[in-house]
Asks: 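One structure follows; several queries about it will come next.
Computed from heavy atoms alone, side chains included, the values below leave out hydrogens, waters and symmetry copies. Per chain, numbering begins at 1; letters A, B, ... match sequence-line order.
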2 protein chains.
Amino acid sequence: MNQALRILDIFIKIQEYSDVFQHKQDGLLDEISLTEVHCIDCIGMTDHPNVTKISEQMGLTRAGISKISKRLLSKGLIESYQEPDNNKEIYFRLTESGQSVYDKHKKIHNKASQEWLTFFEHYSDDDQAAILRFFTDLNDLFYSKSADKIEKEK
Amino acid sequence: MNQALRILDIFIKIQEYSDVFQHKQDGLLDEISLTEVHCIDCIGMTDHPNVTKISEQMGLTRAGISKISKRLLSKGLIESYQEPDNNKEIYFRLTESGQSVYDKHKKIHNKASQEWLTFFEHYSDDDQAAILRFFTDLNDLFYSKSADKIEKEK
DNA sequence: ACGTTTTTGTTAACGCGTCAACAAAAACAT
DNA sequence: ATGTTTTTGTTGACGCGTTAACAAAAACGT
């Protein structure tokens with residue numbers, strides 16, 4: 001992934017978590033939590049998503065995803081299915097209403113991306129380069145620290 | 001507050017929340033949660049801190065602070081007192097062990113600030129200016145959005 | 001083929017903070 | 001002074017996600 005896009009991604013996440021109201025405006029988060037929307041997003045994007053895969057992608061525990069998926073099932077936003085050759089793994093797919101949530105979220109997401117890019121393009125090329133480098137360095141710094149952490153936990 | 005310091009402050013917070021391990025390394029967070037440490041910090045810095053004041057400063061509910069203060073009391077990190085002219089408000093102060101946590105946290109905080117400044121100073125003046133402006137703009141953007149939000153909630 | 005190990009999903013107990021409802025004290029109004 | 005309103009702190013019910021323990025299925029080793 002391009003580094004500029006990576007930074008964009010970070011900011012979208014910040015925006016999503018701090019500006020929950022943006023979703024609220026669209027009436028998306030009235031009955032569904034932000035985590036549930038992210039889970040729907042993950043299910044919509046993943047091939048044969050099961051509890052384990054989703055938990056890895058979302059950085060939550062399997063137990064957590066197990067409960068979230070139960071909520072989504074009871075809300076009729078997803079449904080589960082299995083493959084004939086595997087009796088253990090349980091996969092999920094979006095229902096029609098789940099797909100609608102998915103689409104709305106994607107639309108909001110794209111709108112935020114666009115706003116962000118517009119915001120960023122107001123800076124000169126030199127400024128953009130400086131900002132990008134700063135975030136890249138920062139990312140590396142955090143990454144190396146995380147690596148340290150993992151190292152120590154072993 | 002200076003804008004550079006403001007940005008520093010934002011990053012310290014990010015660092016604190018994402019790099020909990022940094023506290024763990026110092027054995028600070030083994031028995032105390034990060035929120036509890038912040039509460040101790042708040043009590044240590046505030047004059048006559050009571051549940052209401054602390055909740056306002058920390059952005060948590062009174063109910064939350066009420067419970068956190070009970071935990072801190074039971075851990076012997078803070079103690080409560082009242083003033084003779086007021087039978088309603090209950091204030092807190094740090095015990096000796098609470099003060100020790102406060103000092104350790106401040107030390108870690110200062111260290112993080114110093115690291116951050118060092119990191120930042122590696123950039124040229126022009127780059128620093130660009131980065132600062134970027135964050136200032138971002139801050140303004142978020143602030144105006146929040147203002148919109150408050151407006152709509154009325 | 002069969003015993004062992006790993007993977008997968010679920011559940012109960014827990015910790016954390018919120019919300020709503022409440023009682024007691026304080027502040028206010030007249 | 002007295003009745004009303006506001007402030008303050010607490011509690012119970014709740015939602016959310018984690019940890020730990022578990023059973024069932026799959027994968028592995030020989």
Asks: What is the distance, to the nearest angstrom, from the OH atom on B:Tyr81 to the P atom on D:dG9?
Replies: 12 Å
Asks: Take nucleotides 9-16 of chain C nucleotide by nucleotide from the 5' end and write B, S or -, depending on whether a protein heavy atom sits under 4.0 Å from the base, only from the sugar-phosphate, or from neither.
Replies: BBBBB--S
Asks: Salt-bridge test for A:Arg62 and A:Glu56: reply yes if a basic N is under 4.0 Å from a carboxylate O, no otherwise.
Replies: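 No.
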Asks: Side-chain N or O of B:Thr61 versus OP1/OP2 of C:dT18: is the shortest distance under 4.0 Å?
Replies: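 Checking C:dT18 against B:Thr61, a side-chain N or O does come within under 4.0 Å of OP1 or OP2.
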Asks: Taking 4.0 angstrom as the limit, do A:Glu31 and A:Lys75 come out as a salt bridge?
Replies: no
Asks: Can you find a side-chain donor-acceptor pair between A:His48 and A:Glu89 that sits under 3.5 Å?
Replies: no
Asks: Rounded to whole Å, please give me the gap between CD in A:Glu83 and P in D:dA25.
Replies: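 Rounding to the nearest Å, CD of A:Glu83 and P of D:dA25 are 18 Å apart.
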Asks: Look at the side-chain N and O atoms of B:Asn87 and state whether any lies under 4.0 Å from the OP1 or OP2 oxygen of C:dA24.
Replies: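 Answer no for this pair, as no side-chain N or O of B:Asn87 is under 4.0 Å from OP1 or OP2.
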Asks: Rounded to whole angstroms, how far apart are CD on B:Glu56 and C1' on D:dT8?
Replies: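 In whole Å, D:dT8 C1' lies 11 Å from B:Glu56 CD.
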Asks: Can you tell me the distance, in whole Å, between the CD atom of A:Gln82 and the P atom of C:dT8?
Replies: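 After rounding, the reported distance stands at 14 Å.
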Asks: For B:Gln82 and B:Asn86, what are the C-alpha separation, side-chain angles and deciding distance, and is it a side chain to side chain donor-acceptor pair (under 3.5 Å)?
Replies: CA-CA 7 Å; B:Gln82 292 191 280; B:Asn86 192 317; 5.7 Å; no
Asks: Between atom NZ of A:Lys67 and atom CD1 of A:Ile65, what is the distance when rounded to the nearest 0.5 Å?
Replies: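 That separation rounds to 12.0 Å.
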Asks: Could you tell me the separation between the CG atom of A:Leu34 and the C1' atom of D:dC16, rounded to a whole number of Å?
Replies: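 Between C1' of D:dC16 and CG of A:Leu34: 13 Å.
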Asks: Among B:Asp41, B:Ile32, B:Ile40, B:Asn110, find the one that has a side chain to side chain contact (heavy atoms under 4.5 Å, CB included) with B:His105.
Replies: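 In the set B:Asp41, B:Ile32, B:Ile40, B:Asn110, the residue that makes a side chain to side chain contact (heavy atoms under 4.5 Å, CB included) with B:His105 is B:Asp41.
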Asks: Please give, in whole Å, the distance from C:dA25 P to B:Asp85 CG?
Replies: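 One finds 15 Å between P of C:dA25 and CG of B:Asp85, rounded.
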